[in-house]
Protein chains: 2
Amino acid sequence: MTAFYETYPRFLVSVDCIIFGFAEGKLKLLIQERPYEPEKGMLSLIGGFVKNDESVDTAAQRVLTQFTGLKDLYMRQLRAFGEVERDKGERVISVAYYALINVGDYNSNQSDSHGAYWTEINELPELCFDHNQMVKEALKELQKSVFEKEICNNLLPEFFTLSKLQTLHEAILGLPVDKRNFRRSILDRNYIIKTDKIDKTSSRRGASLYKFKD
Amino acid sequence: MTAFYETYPRFLVSVDCIIFGFAEGKLKLLIQERPYEPEKGMLSLIGGFVKNDESVDTAAQRVLTQFTGLKDLYMRQLRAFGEVERDKGERVISVAYYALINVGDYNSNQSDSHGAYWTEINELPELCFDHNQMVKEALKELQKSVFEKEICNNLLPEFFTLSKLQTLHEAILGLPVDKRNFRRSILDRNYIIKTDKIDKTSSRRGASLYKFKD
DNA sequence: TCAAAAGTGTTAAGTTTACACCCATGA
DNA sequence: TCATGGGTGTAAACTTAACACTTTTGA
């Protein structure tokens with residue numbers, strides 16, 4: 001403990017998680033009703049406070065596990081939000097993270113979720129504080145990195161068709177994508193491979209299942 | 001003040017500023033000797049602690065002004081650094097910002113600087129804590145955005161030659177750049193314009209001075 | 001007159017976009 | 001047999017990269 005530091009104020013630090021999922025061909029966001037004042041009952045991102053013995057990243061992972069029942073979710077830090085009045089209760093500095101979840105894994109662990117539920121990203125209700133702004137910025141980051149291996153890999157199940165992957169890209173970008181160009185582009189990147197499995201659930205003909213390498 | 005929040009710990013929150021400048025054809029970084037324990041005398045980024053009545057962004061601006069004498073420096077948040085042991089003194093969560101400075105403006109305000117000085121980015125000494133990591137990440141962001149109007153605009157004086165601008169790009173990217181391609185590319189972007197001024201200081205022939213639009 | 005930096009175009013390679021039809025299957 | 005989603009190639013437009021010589025002028 002260093003005397004010099006003593007003269008400075010201390011702050012509550014929270015983590016807020018923008019949890020993206022992909023289901024029914026749409027990009028989804030996991031939200032909840034705020035369980036405590038202020039703005040109790042208002043919709044909010046999944047969040048919590050940083051504890052003494054954990055890094056901010058670890059706090060985000062802990063919160064993610066608490067709310068989804070899943071460990072080691074893929075996440076990236078967005079940035080810190082530090083306006084004085086951002087939290088209506090008292091001064092809280094928040095570090096926002098976005099996380100990606102395979103909704104299939106989530107559904108089998110739902111019981112652990114603290115009343116959280118999925119909303120469509122395009123029909124996002126008003127959230128408390130600056131949470132809508134966080135979502136907006138996180139979505140922009142997601143769009144920038146849609147072709148990075150880790151992104152779609154963590155939103156899809158192990159095996160998926162090219163059509164599913166294309167639909168996911170379209171859901172993230174909010175734009176239609178050309179089928180032939182998309183297939184060429186994704187295969188050229190060389191991080192997914194065709195398996196010998198066939199998915200017959202979404203067409204009579206059946207579609208090859210692919211998976212991410214490694 | 002909400003009772004619920006009371007149960008959570010509070011943290012010192014600092015801002016650390018990666019201050020880039022451009023002089024003698026090189027990209028520079030403003031650093032200082034740490035004026036207090038722990039690691040007093042070790043080299044460090046320019047930083048300070050967030051106060052109660054200011055946002056984290058405002059804290060960064062305050063620190064920038066304290067150390068450079070300049071107001072409203074252009075800055076962007078990098079991200080929060082929140083490892084438990086990152087500060088050897090006690091737990092401090094830091095929000096890193098990178099800022100851009102026209103070294104000409106700085107030199108006329110030097111008197112205000114608290115013993116800070118410029119180092120070349122390529123000859124960066126070891127800094128305390130995780131500051132080298134912060135610089136590395138900030139430089140990567142700077143490289144990504146080198147063609148955004150605000151970047152070079154804030155590192156150069158009002159009037160500059162295309163050669164100076166090219167040298168700045170090269171200094172940021174750490175790579176040589178093709179002269180003809182560079183000139184076409186920058187002029188096509190349409191955010192700089194030729195003035196009728198001529199700079200005769202760096203060649204016998206003289207070079208046209210340009211400036212950023214608006 | 002010459003050294004030193006300023007200024008200037010073209011071609012090839014690579015990337016991105018636009019676009020339409022046949023295939024396999026189960027109902 | 002037909003409706004449905006799966007699968008496939010090519011040409012044009014655009015962008016990026018490679019590359020060398022002439023101009024101006026002060027010392």
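Quick note: numbers below take in every heavy atom, side chains included, and nothing from hydrogens, waters or symmetry partners. Letters go in sequence order (proteins before strands), and every chain restarts at 1. In this text the structure is predicted, and so the values were computed from the model without any measurement.
- The interatomic distance linking A:D188 (CG) with D:dT8 (P) rounds to 13 Å, in whole Å.
- Taking the six-membered ring wherever Trp is involved, the centroid distance between the rings of A:Y106 and A:F67 does not fall below 6.0 Å.
- An OP1 or OP2 oxygen of C:dA5 is reached within less than 4.0 angstrom by no side-chain nitrogen or oxygen of B:S163.
- Phosphate contact (OP1/OP2 of D:dG7, side-chain N/O of A:S208, threshold under 4.0 Å): present.
- Rounded to whole Å, the distance from CD on A:Q166 to P on D:dG5 is 13 Å.
- The CZ atom of B:R189 sits 7 Å away from the P atom of D:dT16 (whole-angstrom rounding).
- Here D:dG5 presents its P atom at 17 Å from CG of A:L209, a figure rounded to the nearest Å.
- Applying the 6.0 Å contact sphere to NZ of B:K26 captures no more than 12 heavy atoms from other residues, nucleotides or ligands.
- Neither OP1 nor OP2 of C:dG7 sits under 4.0 Å from any side-chain N or O of B:R180.
- Using cut-offs of 30° and 60° on the angle between ring planes, the pair A:F160 and A:F212 is tilted.
- One can find a donor-acceptor pair under 3.5 Å joining the base of D:dT23 and the side-chain atoms of B:R205.
- A donor and an acceptor atom never sit less than 3.5 Å apart when one is taken from the side chain of B:K200 and the other from the base of D:dG26.
- Residue B:I198 contributes atom CD1, which lies 13 Å from atom C1' of D:dT25 at whole-angstrom precision.
- Checking A:D214 against A:Y191 by side-chain atom types alone, no donor-acceptor pair falls below 3.5 Å.
- Comparing B:D178 and B:T161 by the nucleotide of DNA chain C whose heavy atom lies nearest to each, the residue mapping closer to the 5' end is B:T161.
- Atom-to-atom, CG of A:N181 to P of D:dA11 comes out at 15 Å; the value is rounded to the nearest Å.
- Annotation: of the two residues near DNA chain D, B:G206 and A:Y210, the 5′-most nearest-nucleotide partner is A:Y210.
- Contact of B:R184 with C:dT10 (side chain to base): a donor-acceptor pair of N or O atoms is detected under 3.5 Å.
- By the neighbour-count criterion of 12 heavy atoms within 6.0 Å, atom NZ of A:K144 is sparsely surrounded, having that number or fewer from other residues, nucleotides or ligands.
- Atom CG in B:L162 sits about 12 Å away from atom C1' in C:dT8, given to the nearest Å.
- Rounded to a whole Å, the CD1 atom of A:I186 is 17 Å from the C1' atom of C:dT17.
- Closest-nucleotide positions on DNA chain C for B:A207 and A:K179 were compared, and the one nearer the 5' end corresponds to B:A207.
- Closest to the side chain of A:R183, out of D:dG7, D:dG26, C:dG7, is D:dG7.
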